[in-house]
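Predicted model only: the values in this text are computed from it and were never measured.
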Amino acid sequence: MGGMKSRRRLAELALVAIAAFAATGCSGGGGVHEDKAGGTGTPVALRMANPYGELNQVPAVDYFVKRVSDISGGNLRIEVVNGWGNYTPGAEQRVVRDLAASKVDLGWVGTRVFDTMGLKSFQALTAPMLIDSYALQQAVIDAGLTSHMMKGLDDLGVAGLAVLADGLRKPIGVTKPILRRGDWPGIAFGTLASRGQANAIRALGATPVHVLGPERQQAIEDGRIQGFEMNLWVYQLNVLPRHAPYVTVNVNLWPQMDVLLANPDRLASLSTQQRGWLEDAARDAAARSGVLADQDAKALRDACAAGARFSEASAADRTALEAAFAPVYGDLERDAATRAYIGRIRALKTSTPPDPSPVITPDCTGKAPKQATAGSGPADADLNGTYRYVITKQDAEKAGDNDPEAVYPSITTITLNDGHLQGGCFGSGGGTYSVDGNQITFYSVDAGYSSKVTFTRDDHGSLYLTPVPPMDPGDAFTCFSKPWIKIA
């Protein structure tokens, strides 16, 4: 619902703090590279293809975009084009091909996709259960392995700027946890474009189904998939706990690692100074990406509040899963370079401390709570009317929302009329509501899900609303933290 905007601002707070630190404390300043022609000249904008919704879902890429502007003092900026490829199954391949065809200047994709395009150099990064921590992702980058892997991008007509750490992908179940080797056979399991990932899913006896974006949610609702792989950060940002609440928190199937790409001709057209800004920002993002990507602790708390429930596989279960992947490794290691990369990563793994274990409170385990659905109960005619509430800057700061671009006070108006609602945080499509005793179930057409609250009214008809868990914290703050004052 409209509260998603606030939730995303809340989710970006850690990123903003890191970016602010980097802007003042990094050594890669804009004065390192000089333009041979002298001066910075006219500010230049580069278009960047993002195959997904918003860059807050890929923290290190988002940081890179901001860092380019910071280093260059605004003389070089990146205009992000979201949804490149229209969320089709081949969206990431299209980013690569459109870059090679000079249809866009920059882009990013997951390294997993290149094995579908004939490039094997990145295969080791998503070998199943090999890279299983943010620290190990960073160690692989720092050791220079990813720099060697990027050399193969020339064959596809694109240039690589950096490989960045991203979220660890976990198995997520729709109706029950996917914990053990025996939970996999016979299920349809959602994944993204990658031959290696698809082969790993088949090795467990499941059927890989290529879904992303809105298609994934539709596949869940239609029963076409019983699980999927995703990192916790993206999982909670996309409000997926409502649709698939069961997360196996200590099984990291593979990381998503992201590669920043450029069109070679566009890169060559930049001045020495401008290319230096891009390179500095890319190196900085790569060096910090492990920390930037590690949002699991916050994501876990927010996902739990939204209805997610977490389970942990036993040591024996994890060993059985690793054993099932033996044929996948046999196939990967037929390629000599991939075999060497896997060996280097295994060596790094022995010397890299694991990430801290996630802290899971008892209320975030067990059976998922029943989600509120679009209510069919009667609408209380006494609720008919127009309501308004105001969120001040002090309210936002108290909730931890310090978005400098937000305008306060934020005034929200909502109209309720015989079970139908318009306005407010529920989106331009409006929605419905139903009343059962002292509870109201609101349904947002735009968001496609419901939220339940308890309520009381004062003598003037104003509403005082208390969220009923599970509810996303951003929605709870944006929609229900202040009384709805009846104005008509």
Side-chain angles (χ1 to χ4, degrees), residues 49-55 57-61 82-99 107-132 137 156 163-174 178 184 187-204 206-220 224-238 240 243-244 247-248 251-261 293 325 328 332:
N50 169 27
Y52 298 101
E54 296 184 22
L55 278 192
Q57 300 190 38
V58 276
V61 179
N82 295 326
W84 195 278
N86 298 316
Y87 302 102
T88 58
E92 289 190 290
Q93 292 98 325
R94 180 172 168 181
V95 169
V96 178
R97 293 184 180 116
D98 286 352
L99 271 165
W108 78 271
V109 296
T111 58
R112 60 179 170 253
V113 77
F114 288 105
D115 67 4
T116 70
M117 305 182 76
L119 182 62
K120 296 182 177 181
S121 59
F122 294 105
Q123 289 182 127
L125 298 181
T126 46
M129 296 181 73
L130 177 60
I131 299 178
D132 56 1
Q137 284 190 74
L156 297 178
V163 172
L164 312 177
D166 202 339
L168 299 166
R169 314 283 288 195
K170 304 173 187 294
I172 297 171
V174 176
I178 302 174
W184 289 85
I187 68 171
F189 192 79
T191 189
L192 299 176
S194 168
R195 291 181 60 188
Q197 291 178 189
N199 288 340
I201 292 165
R202 291 189 189 98
L204 296 174
T207 300
V209 180
H210 186 184
V211 289
L212 72 158
E215 177 64 18
R216 181 191 297 108
Q217 182 168 324
Q218 191 61 52
I220 294 170
R224 286 184 285 124
I225 60 173
Q226 290 74 54
F228 56 92
E229 47 94 14
M230 187 174 282
N231 71 65
L232 287 176
W233 184 246
V234 174
Y235 172 68
Q236 62 90 16
L237 280 180
N238 285 277
L240 285 168
H243 306 282
V247 181
T248 305
V251 171
N252 296 314
L253 293 170
W254 37 72
Q256 174 171 308
M257 297 188 76
D258 307 320
V259 58
L260 296 172
L261 302 170
F325 291 133
V328 179
L332 289 172

Between Arg112 and Leu192, is a side chain to side chain contact (heavy atoms under 4.5 Å, CB included) present by the stated rule, with each step listed? CA-CA 8 Å; Arg112 60 179 170 253; Leu192 299 176; 3.2 Å; yes

Evaluate the criterion side chain to side chain contact (heavy atoms under 4.5 Å, CB included) for residue pair Val259 and Phe114; output intermediate values, then yes/no. CA-CA 10 Å; Val259 58; Phe114 288 105; 3.5 Å; yes

Between Val58 and Trp233, does the side chain to side chain contact (heavy atoms under 4.5 Å, CB included) criterion hold? Intermediate values first, please. CA-CA 9 Å; Val58 276; Trp233 184 246; over 6 Å; no

Hey, mind stepping through Leu212 and Tyr52 against side chain to side chain contact (heavy atoms under 4.5 Å, CB included) and telling me if it holds? CA-CA 9 Å; Leu212 72 158; Tyr52 298 101; 3.4 Å; yes

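At least one side-chain heavy atom of Ile172 sits less than 4.5 Å from a side-chain heavy atom of Tyr235. For the pair Glu229 and Gln256, the minimum side-chain heavy-atom distance is 4.5 Å or more. A 4.5 Å side-chain heavy-atom check between Asn238 and Gln217 finds every atom pair outside the cut-off. Proximity of Leu260 to Asp258: side-chain heavy atoms (C-beta onward) are nowhere separated by under 4.5 Å. Contact annotation: the side chain of Leu240 approaches that of Phe228 to within less than 4.5 Å [non-hydrogen atoms, C-beta and beyond]. Arg169 has its side chain within reach of Asn231: a pair of non-hydrogen atoms, C-beta onward, lies under 4.5 Å apart. Put simply, the side chain of Leu168 does not reach to within 4.5 Å of the side chain of Asp132, judged on heavy atoms. In this structure, Arg216 and Val209 have side chains that are not in contact, with every pair of non-hydrogen atoms separated by 4.5 Å or more.
No donor-acceptor pair under 3.5 Å is formed between the side chain of Thr126 and the backbone N or O of Trp254. Of the possible donor and acceptor atoms, none in the side chain of Gln137 sits under 3.5 Å from a partner among the backbone N and O of Ile131. Side-chain atoms of Asn82 come within 3.5 Å of backbone atoms of Gly53 as a donor-acceptor pair (strictly under, hydrogens ignored).
Minimum heavy-atom separation, Ala244 to Ile220: CB-CD1, 4.5 Å. The shortest heavy-atom contact between Gly167 and Ala293 is N-CB, 4.3 Å. Here the closest heavy-atom approach between residue Thr116 and residue Ala193 is recorded as CG2-C, 4.1 Å. Taking both residues in full, the closest heavy atoms of Ala124 and Leu130 are given as O-CD2, 3.7 Å, listed atom of the first, atom of the second, then distance. When all heavy atoms are compared, the tightest approach of Ala219 to Val211 is CB-CG1, 4.3 Å. Residues Trp108 and Val95 approach most closely at O-CG1, 4.1 Å, considering heavy atoms.
Note: Ile225 CD1 to His210 NE2 = 11.5 Å, rounded to the nearest 0.5 Å. Summarising the geometry, atom CD1 belonging to Ile201 is positioned 7.5 Å from atom CG belonging to Leu253; distances are rounded to the nearest 0.5 Å. For the atom pair Arg224 CZ and Gln218 CD, the distance stands at 6.5 Å (nearest 0.5 Å). Taking OG1 from Thr111 and CG from Leu125, the interatomic distance works out to 4.5 Å, rounded to the nearest 0.5 Å. Between atom CD1 of residue Ile178 and atom CD of residue Gln226 there is a gap of 8.5 Å, rounded to the nearest 0.5 Å. Thr207 contributes atom OG1, which lies 8.0 Å from atom CZ of Arg202 (distance to the nearest 0.5 angstrom).
Remark: Arg97 engages Gln93, Met117 in a side-chain contact (heavy atoms from CB on, under 4.5 Å) (not counting sequence neighbours).
In this structure, a donor-acceptor pair under 3.5 Å is present between the side chains of Asn252 and Lys170. Between the side chains of Gln197 and Asp115, no donor N or O sits under 3.5 Å from an acceptor N or O.
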